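Structure record follows, encoded as structure tokens.
Predicted model only: the values in this text are computed from it and were never measured. Every chain is numbered from 1 and lettered A, B, ... according to where its sequence line falls, protein lines coming before strand lines.
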Amino acid sequence: MAGRGITVLNVAEKPSVAKSVSNILSRNQGLRVRDGRSRYNRIFEFNYTIRGQPCNMLFTSVIGHLMELEFDDRYRKWHSCDPADLFQAPVHKSVPEDKKDIKRTLEEEARRCQWLVLWLDCDREGENIAFEVVDVCTAANPRLTIKRARFSALIDREIHQAVQNLVEPNKWFADAVDARQEIDLRIGASFTRFQTMLMKDAFVIDTVTDGRNIVLSYGPCQFPTLGFVVERYWEIQAHEPENFWSINCSHRSEEGVATFNWGRGHLFDYTYAVIIYEMCIEEPTATVTNVRQQEKLKYPPHPLSTIELEKRASRYFRMSSEHTMKVAEELYQGGFISYPRTETDNFSSRTDLHAIVQEQQGHPEWGTYAQRLLDPGAGLWRNPRGGGHDDKAHPPIHPTKFSAGESGWSQDHRRLYELVVRHFLACVSKPAVGAETTVEIDIAGELFSSCGRVILEKNYLDVYPYESWGGSMIPPYTIDQQFIPTTLTLDPGVTRPPPLLSEADLLSCMDKEGIGTDATMHDHIKKLLDRFYATKDASMRFTPTNLGEALVMGYDDMGYKLWKPYLRAVMERDMKSVSEGTKSKAEVLDTSLQQMKACFLDARLNKVKLLEAMAIFFERSNRVGSEEQNATGEVVRRCGLCQESDMVLKKNRDGNFMVGCLGYPQCRSVVWLPGSVSEAVVTTNTCNNCTPGPVYLIQFKFRQLEIPPNYDVNHLGCIGGCDEILTQLTEICGTGSRMPARARGPTAPTSNTNQPARARGPTASTSNANHTNPRQAVCLHCQETGHSSNECPSQTRRSRNAQYPGMNQQSGESSVSCSSCGAPCVLRTANTANNRGRKFYSCQSQECNFFVWEDNLNNGSGGRSFTRSNSSTPTPSRGRNGGRGPRGRGRNGSNSSNGTFVTATGDPVSGRRCYTCGDPSHFANVCPNRGL
DNA sequence: GCAAGGTC
């Protein structure tokens, strides 16, 4: 490198840009290339003069983002914290292992440079990457002068202008991306951990996941994408076929046949249709009232953006968007097509379109067409029409090198290259021209019309066989001409549901609602398949799996539209505000994370909705150590034993409350709570006495019949050891621990509560419910000594023997009467998927909606009301149909017209069939032909 | 084991 002048480190977002800009700036004079630490990112060297200042230019690149945002180590393990903590857990940016070599190159080169010029793509992500590069380079050389080159295309004039007019990098743009990254990470990780741990062991869902560890991920892009699929599916399920009628007319003459369509289209009222039809039959003479001739143009498509490429490859070749992008990337790497990730569908006026066409003249299939295009006499050329999108970074996808097919290409490489070339040639061609004739006739006052088209000039259609423009001839007619129709029929028809979403439809939905970017949409679609949320059939159409549907249904039942694109739209608006400087990054982060955390906490409180939705499709699992039980509780305090994890409130397998360490099974610290607790919720109040704090107070509700009369059923309690009432109730009622009392740790909150249970031997001298406990010398019930309150003879185990408060059980199963209304109840057998064979009592009164499971009647765990429909089963009505589908019906709703599918006696409700296979014996949600 | 965004 020459010794005079300053040394400038230039960094581009990708190797291809570093190469292109180096070529342009050096004018291929004295350009030297050497390897960097990374095999992909070479370093170009040349001399250049910036505003009179001689410069030794070093030009290298990164590969997209150099850094990743992640949680601090303390929060990385799934069980290390409550997922709710992830909304404020510390995060940091760092260079991942596979980018370390690029980092080293930057550091080494930066040390010997005076200037750093950033040539990252000129969008928000590019600006953010620019600051990542700045961070790495200035850490190695703090004296660097930082400059930004702004360019919108890799064109000589633009690049020279950019380097002569260097500007400052835009922090607002980078901030917007920082905010987006942080929000995505926090929401994604918290919800993913929450719903995975809630459900993966609670239900049998891993039988169809190829033995892979199932992760029920949530993401602000993947979930709305799933939402589109599910919503369409519900729309189809909710569709009720309706009969309609239409009048059709045809006329055969010597010149040919014309088919006339009824001006009214079709009518749903049969009587009305018949009346009109009879009028036509009585006076069938048709009179031609209008003959219209028009020239019609069919325009070629806009220049090719990424989404259009994906959609068309899916439609024309049935290639998945993910595969399309893989093949396109390889064609790009080989230099055959331009950069494949672009939103732009508009060619810059500076692009030499003719040169691109010229390259294709020799091709055996479309070469002749290319020659015609270039021939001014043929008049085929027309400058392309743009579609109004421009990302200012890349041109539309177009061919960059001629190929008649390479030996290493697969069929998909050939097809995709051909599509890019033909699409480009079509774009610069004139539209097809057709002559359209419309004939209108009148029969007994009813209007009918027929339309025919003749293609006059095919133009672009000659090179674009993927599109057709069907032409159909109709015979000539003149105004006032009269004829008797050859046929005049009243035909029945039936409305059909819309089809399942195709991949092209899905991409359109995502594009319209701003879900993902051109470079990531295919990833989100693939994620639905990878996560077993949806399947794709042979015709490239998507069906939600039971898993995907249940998740969307669960959140929908909570009233949260997390599966809708709204959240992303709000984030996009916030990002725009940050990038324009009208809101600060901190402000946006504060507001949206606060809102999302509130939403998360509420969702967790309503997790029963998710569980109910899952229970519709999946069997409950008896797996021990359900992570739901272990990890989704609310935090009560930091574990004093392991001092690493939080202690959370949760239930054990038998439904008894406890406060256990999230570090289980490594840490077995546990506080068992009284067995009489029916409800427990961690509040935001903290204890003023117990240390180390904070120890959050728990709002308890006790079962009245299981506690002595002088205790209140509601109690705001502390498990830190200071709460006498809780201690007493624990002693009176016992706990839900399965361990024998002698081997257990303290069953009541004491100052020793953070001792591991397994470390407790039979001699542990704590406030355990043992005879040795001096505090039990006086029975709390009868005030006598000699026995504990647990064993007080005056207290039968009322909880076990108590009558269920809502039902009066008399002798014999068949003589139960409803305490709610007094009417007799009958014993019936459930026939739903999840409770088949289970017996329940159902009140016979039409006005009363009470039922109770027989097994609950005996163990006192309660009954629940349900909404009675015409053919009700004891399945609690769960609003599954509310607002879903165009008419507000779900596929198994209790709406009377849709009906509950089977009656309590197992009789199928007539007229309803499985949408998937047509079998009348079940609905689609339990169809054996359906996937997961 | 978690997101989405760059890109080889």
Phe173(A) atom CZ is separated from dG6(B) atom P, nearest whole Å, by 14 Å
Can you tell me how far C1' of dA4(B) sits from CG of Asp530(A), to the nearest Å?
15 Å
Nucleotide nearest Lys14(A) when distance is taken to its side chain, options dC8(B), dA4(B), dG1(B)
dC8(B)
Base, sugar-phosphate, or nothing for Phe191(A), non-hydrogen atoms under 4.0 angstrom?
nothing
Do Lys19(A)'s NZ or CZ and the ring of Phe44(A) fall within the cation-pi criteria of under 6.0 Å and 45°?
no
Evaluate the ring-ring contact (aromatic ring centres under 6.0 Å, His included) criterion for residues Tyr560(A) and Tyr555(A): first the C-alpha distance (whole Å), next the side-chain angles of each, then the deciding distance (0.1 Å), finally the verdict.
CA-CA 5 Å; Tyr560(A) 278 126; Tyr555(A) 285 112; 7.9 Å; no
Establish, with yes or no, whether the OP1 or OP2 oxygen of dG5(B) is under 4.0 angstrom from a side-chain nitrogen or oxygen of Arg180(A).
no
Quickly work out the Leu69(A) CG to dC2(B) C1' distance and round it to whole Å.
13 Å
So, Asn41(A) versus Thr60(A): side-chain donor-acceptor pair below 3.5 Å or not?
no
Do you know which of Glu310(A), His522(A), Glu503(A) makes side chain to side chain donor-acceptor pair (under 3.5 Å) with Ser321(A)?
Glu503(A)
For Glu127(A) and dG5(B), what is the distance between atoms CD and C1' respectively, to the nearest whole Å?
15 Å
Hey, does the side chain of Arg531(A) come within less than 4.0 Å of dA3(B)'s phosphate (OP1/OP2), counting only N and O?
yes
Should Met614(A) and Ile205(A) be marked as a side-chain contact (heavy atoms from CB on, under 4.5 Å) after you check the CA-CA gap, both sets of side-chain angles, and the distance that decides it?
CA-CA 10 Å; Met614(A) 286 290 286; Ile205(A) 46 179; 3.9 Å; yes
Listed in order of residue number, which residues of residues 84-106 of chain A have a non-hydrogen atom at under 4.0 Å from DNA chain B?
Lys99(A)
At less than 4.0 Å, is any side-chain N or O atom of His65(A) found next to OP1 or OP2 of dA4(B)? Yes or no.
no
Counting heavy atoms from C-beta on, name the nucleotide in dA3(B), dC8(B), dG1(B) closest to the side chain of His79(A).
dG1(B)
Under a 4.0 Å N-O cut-off, is there an ion pair linking Glu107(A) with Arg104(A)?
no
Between Gln181(A) and dA3(B), does any side-chain N or O lie under 4.0 Å from OP1 or OP2?
no
Using whole Å, what does the distance between atom P of nucleotide dT7(B) and atom NZ of Lys19(A) come to?
18 Å
If you find the nucleotide of DNA chain B closest to Asp121(A) and the one closest to Lys527(A), which residue's nucleotide is nearer the 5' end?
Lys527(A)
Taking the minimum atom-to-atom distance to the side chain of Pro220(A), which one of dT7(B), dA4(B), dG1(B) wins?
dA4(B)
Hey, does Tyr75(A) reach any base, or is it just sugar-phosphate, or nothing, if we go heavy atoms under 4.0 Å?
nothing
Between dC2(B), dT7(B), dG5(B), which nucleotide gets closest to the side-chain atoms of His524(A)?
dG5(B)
Quick one: is dT7(B) close enough that its OP1 or OP2 comes under 4.0 Å of any side-chain N or O from Tyr332(A)?
no
Among Asp175(A), Asp178(A), Asn170(A), exactly one meets side chain to side chain donor-acceptor pair (under 3.5 Å) together with Asn128(A). Which residue is that?
Asp178(A)
Does OP1 or OP2 of dG1(B) have a side-chain N or O of Ser217(A) closer than 4.0 Å?
no
How long is the line joining CE of Met325(A) and P of dT7(B), in whole Å?
10 Å
Report the residue (Ile187(A) or Asp523(A)) whose heavy-atom-nearest nucleotide on DNA chain B is the more 5′ of the two.
Ile187(A)
Given dG5(B), dA3(B), dT7(B), identify the nucleotide with an atom nearest to the side chain of Glu13(A).
dT7(B)
Residue-phosphate contact under 4.0 Å: Arg568(A) side-chain N/O, dG5(B) OP1/OP2
yes
When the distance from NE2 of His394(A) to C1' of dT7(B) is rounded to whole Å, what number comes out?
10 Å
Protein-nucleotide distance (Gln222(A), atom CD; dG1(B), atom C1'), rounded to Å
13 Å
Would you please test Glu45(A) and Phe59(A) for side-chain contact (heavy atoms from CB on, under 4.5 Å) and show each step?
CA-CA 6 Å; Glu45(A) 296 185 28; Phe59(A) 216 123; over 6 Å; no
Are OP1 or OP2 of dG5(B) and a side-chain N or O of Arg341(A) less than 4.0 angstrom apart?
no
Can you tell which of dA4(B), dT7(B), dA3(B) lies closest to the side chain of Thr192(A)?
dA3(B)
Should Ser38(A) be listed as having a side-chain N or O under 4.0 Å from OP1 or OP2 of dC8(B)?
no
NA contact type, Gly516(A), heavy-atom cut-off 4.0 Å: base, sugar-phosphate, or nothing?
sugar-phosphate
Tell me whether the side-chain N/O atoms of Thr520(A) come closer than 4.0 Å to OP1 or OP2 in dA4(B).
no
If you only use heavy atoms from C-beta on, which nucleotide in dG5(B), dG1(B), dA3(B) is closest to the side chain of Trp78(A)?
dG1(B)
Find out whether the Lys NZ or Arg CZ of Lys93(A) is both under 6.0 angstrom from the six-membered ring centre of Phe131(A) and within 45° of the ring's axis.
no
